[in-house]
**Q** 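Handing you a structure now.
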Amino acid sequence: MAQSIFEWFRTHEKIALIILVCVFVGIRFPGTDLPLHQDEYKWPRIVNPTLKSETEIPHPPLSQFIYREAGQLVGYDVHFRFVPLFFGTLNLLLLYYVLRMRFGRNVAFVGGVLFTLSFFSVLASLMVDTDGQIMPFFFLLALIAYYKAKETFSHERMWWIIGLVLACILGFFIKVSFALAIGAIAADFLLEQKSKLTRRDIVRYILIGLGSVGGLIALLFIAQKVFSFFDLATAASYWKHFIQSNRNWFQTAIQVIKALLYTSPFLVIFPFFLSSEKRKEMRPFVLYITFGFIFYIILFDFSIGALDRYMQYLIVPLCALSAVAIVSIWKSDRQEYTKEFLFLGSIVALILLYLANIHHEVPSLHPKSEWIDRALSLKWNFLYPFSGGSGPLGFYMSFLFLALSWIGTC
């Protein structure tokens with residue numbers, strides 16, 4: 001069955017891609033009219049130039065500029081959700097292009113399907129913010145320019161390098177945490193060059209790195225003169241909130257678990273089946289995940305914010321890694337068991353759907369100890385709040401369904 005799907009796809013690639021985009025938008029479109037929720041309602045109030053707001057977006061100015069200009073088209077109301085949906089659709093096409101360029105059509109198609117159907121991706125495509133879809137857009141642009149610059153040896157190479165620099169600057173102007181994406185690409189380049197590096201090269205790259213950091217900081221100061229709504233001092237004051245000596249590790253753990261549940265076991269587990277050779281080929285994605293873990297979990301305390309929202313940076317790299325792993329497994333000698341796997345998977349899915357519809361309790365959201373106690377005592381027939389850190393307005397899922405899905409996948 002998988003073989004026939006891939007064969008049809010190879011001969012009808014454009015049609016398949018159009019269908020994929022239609023499914024992507026079709027799944028998300030009904031959620032575009034959801035009322036703004038939690039931090040979301042602040043965005044149209046802040047970015048609307050006709051309104052005076054006492055607060056501002058505590059990030060570099062490009063994100064506020066994008067929503068401000070988009071508001072001129074869609075209005076400063078619930079239709080704001082069309083902005084992340086627009087960038088999500090672009091990300092689907094960019095992810096497809098990156099994977100096709102590096103690994104072929106089959107991997108690109110699987111990656112696109114994962115990005116389309118992943119709940120975390122759906123949530124990010126509807127959340128009025130920057131972490132889920134706008135920042136990944138510039139990461140994918142930078143990655144394409146990086147790969148093209150490595151593969152091009154003519155005068156066109158300089159244009160790709162310029163494109164890479166611009167994508168990195170624009171991404172950094174969305175949010176300073178985009179430095180993780182920049183660092184992942186830079187680290188991949190240095191790791192490729194390590195066998196050829198001389199002392200002179202090391203000194204040169206250190207100077208380039210320090211100059212780049214200084215240049216980005218200088219651009220933030222200049223941005224204050226260009227964008228009247230951006231104040232670097234206010235942004236710096238906001239960033240200091242995440243430097244805590246007594247962090248709430250319990251809240252951090254809860255938010256990380258929520259992000260993993262949103263991501264699904266399918267995307268979390270499959271990357272572990274990648275061979276060392278494939279991991280090397282996917283190193284920018286692996287490094288991006290690694291740097292993000294160090295940044296969000298170890299170095300700084302994001303428990304006071306919506307950490308599960310910030311973890312949306314995982315969606316693109318995990319979809320890419322899982323797509324490569326799935327196609328690699330399918331191409332191995334285990335492909336002869338495809339029909340058996342599909343049959344078993346269908347049976348498990350039907351059982352899970354049945355269990356999700358039995359009677360469930362609805363514990364109180366606060367304190368969290370009640371539903372944690374039920375989880376630890378294996379009383380899993382309760383509803384778990386499934387909502388993003390800042391919206392859209394969430395819904396409830398069967399914890400029994402979630403837990404058994406993870407166990408079944410493992």
Side-chain angles (χ1 to χ4, degrees), residues 2 6 91-92 94-115 117-118 120-121 135-136 138-151 164 168 177-197 205 256 259-260 262-299 311-335 341 406 409-410:
F6 284 138
N91 287 339
L92 171 63
L94 290 176
L95 178 63
Y96 182 92
Y97 181 79
V98 170
L99 293 178
R100 191 186 190 284
M101 176 176 64
R102 301 293 293 177
F103 302 101
R105 284 176 289 196
N106 289 348
V107 173
F109 179 70
V110 173
V113 170
L114 294 177
F115 190 74
L117 300 181
S118 166
F120 215 8
S121 177
M135 278 209 304
F138 290 102
F139 169 62
L140 288 169
L141 284 181
L143 203 57
I144 291 171
Y146 170 65
Y147 284 137
K148 289 291 188 179
K150 288 200 306 178
E151 296 170 357
L164 171 61
C168 289
S177 58
F178 191 80
L180 301 173
I182 299 174
I185 293 174
D188 178 72
F189 173 77
L190 292 175
L191 288 171
E192 279 197 353
Q193 301 294 317
K194 66 178 181 179
S195 61
K196 301 180 289 185
L197 288 177
Y205 288 135
V256 170
L260 290 176
Y262 297 158
T263 307
S264 87
F266 208 71
L267 296 183
V268 173
I269 294 173
F270 267 106
F272 287 100
F273 291 94
L274 284 170
S275 64
S276 57
E277 180 182 348
K278 291 296 183 183
R279 279 197 300 271
K280 185 177 179 180
E281 294 181 54
M282 302 290 292
R283 192 161 50 197
F285 296 102
V286 175
L287 289 170
Y288 191 22
I289 293 174
T290 304
F291 290 170
F293 176 81
I294 295 172
F295 179 81
Y296 287 113
I297 309 301
I298 299 176
L299 292 183
M311 298 294 281
Q312 289 175 353
Y313 86 96
L314 290 169
I315 299 169
V316 165
L318 285 181
C319 284
L321 292 169
S322 296
V324 174
I326 289 170
V327 175
S328 297
I329 292 172
W330 178 80
K331 285 183 176 179
S332 70
D333 56 359
R334 281 171 285 183
Q335 64 176 297
F341 286 146
W406 275 85
T409 304
C410 294

**Q** So, does Y96 use its side chain to make a donor-acceptor pair with the main chain of G111 at under 3.5 Å?
**A** no
**Q** Let me confirm one number: the OG-CG distance from S118 to L267, rounded to the nearest 0.5 Å.
**A** 5.0 Å
**Q** State, to 0.1 Å, how close L164 and A142 come at their nearest heavy-atom pair, and which atoms those are.
**A** CD1-O, 3.3 Å
**Q** Can you name the closest pair of heavy atoms from K278 and V324 and give their distance?
**A** CD-CG1, 3.9 Å
**Q** Just to verify, what does K150 make a side-chain hydrogen bond (donor to acceptor under 3.5 Å, both in side chains) with, not counting sequence neighbours?
**A** E192
**Q** Go through K280 and E277 one step at a time and tell me if the side-chain contact (heavy atoms from CB on, under 4.5 Å) criterion holds.
**A** CA-CA 5 Å; K280 185 177 179 180; E277 180 182 348; 5.8 Å; no
**Q** Are the side chain of Y146 and the backbone of F189 linked by a donor-acceptor contact shorter than 3.5 Å?
**A** yes
**Q** Between V268 and W406, does a side-chain contact (heavy atoms from CB on, under 4.5 Å) hold up when you go through it step by step?
**A** CA-CA 10 Å; V268 173; W406 275 85; 3.8 Å; yes
**Q** Is there a donor-acceptor pair closer than 3.5 Å between any side-chain N or O of T263 and the backbone N or O of A259?
**A** yes
**Q** Which pair of non-hydrogen atoms, one from A184 and one from L287, has the smallest distance, and what is that distance?
**A** O-CD1, 3.5 Å
**Q** So do the side chains of F270 and L318 get within less than 4.5 Å of each other, counting heavy atoms only?
**A** no
**Q** Are side-chain heavy atoms of Y147 and P284 found at a separation under 4.5 Å?
**A** yes
**Q** With a 4.5 Å cut-off on side-chain heavy atoms, are V327 and F109 touching?
**A** no
**Q** Quick one, Y296 with V256, criterion side-chain contact (heavy atoms from CB on, under 4.5 Å). Give me CA distance, side-chain angles, the key distance, then yes/no.
**A** CA-CA 10 Å; Y296 287 113; V256 170; over 6 Å; no
**Q** With side-chain contact (heavy atoms from CB on, under 4.5 Å) as the criterion, how do V110 and L114 come out once you've worked through the C-alpha distance, each side chain's angles and the decisive distance to 0.1 Å?
**A** CA-CA 6 Å; V110 173; L114 294 177; 4.2 Å; yes
**Q** Within a radius of less than 6.0 Å around CZ of F293, do more than 12 heavy atoms belonging to other residues, nucleotides or ligands occur?
**A** no
**Q** Hey, could you give me the CG/CZ distance between L94 and F139, rounded to the nearest 0.5 Å?
**A** 11.5 Å
**Q** Are the side chains of F285 and V98 in touch, meaning some heavy atoms are under 4.5 Å apart?
**A** yes
**Q** Taking the side chain as every heavy atom from C-beta outward, state whether E281 and F103 have any pair of such atoms under 4.5 Å apart.
**A** yes
**Q** Please find the pair of heavy atoms, one from F120 and one from I315, that lie closest to each other, and give the distance.
**A** O-CD1, 3.3 Å
**Q** Under a 4.5 Å cut-off applied to non-hydrogen side-chain atoms, are Y313 and F178 in contact?
**A** no
**Q** Just jot down the side-chain hydrogen bond (donor to acceptor under 3.5 Å, both in side chains) partners of Y97, sequence neighbours excluded, or say none.
**A** K148
**Q** To the nearest 0.5 Å, what is the distance between OG1 (T290) and CG (L180)?
**A** 11.0 Å
**Q** Measure across Y288 and P317 and return the closest heavy-atom pair with its distance rounded to 0.1 Å.
**A** CD2-CG, 4.2 Å
**Q** Taking all non-hydrogen atoms of both residues, which atom of L321 and which atom of M282 are closest, and how far apart?
**A** CD2-CB, 3.5 Å
**Q** Check whether any side-chain N or O of R279 sits under 3.5 Å from a backbone N or O of L274 as a donor-acceptor pair, and report yes or no.
**A** yes
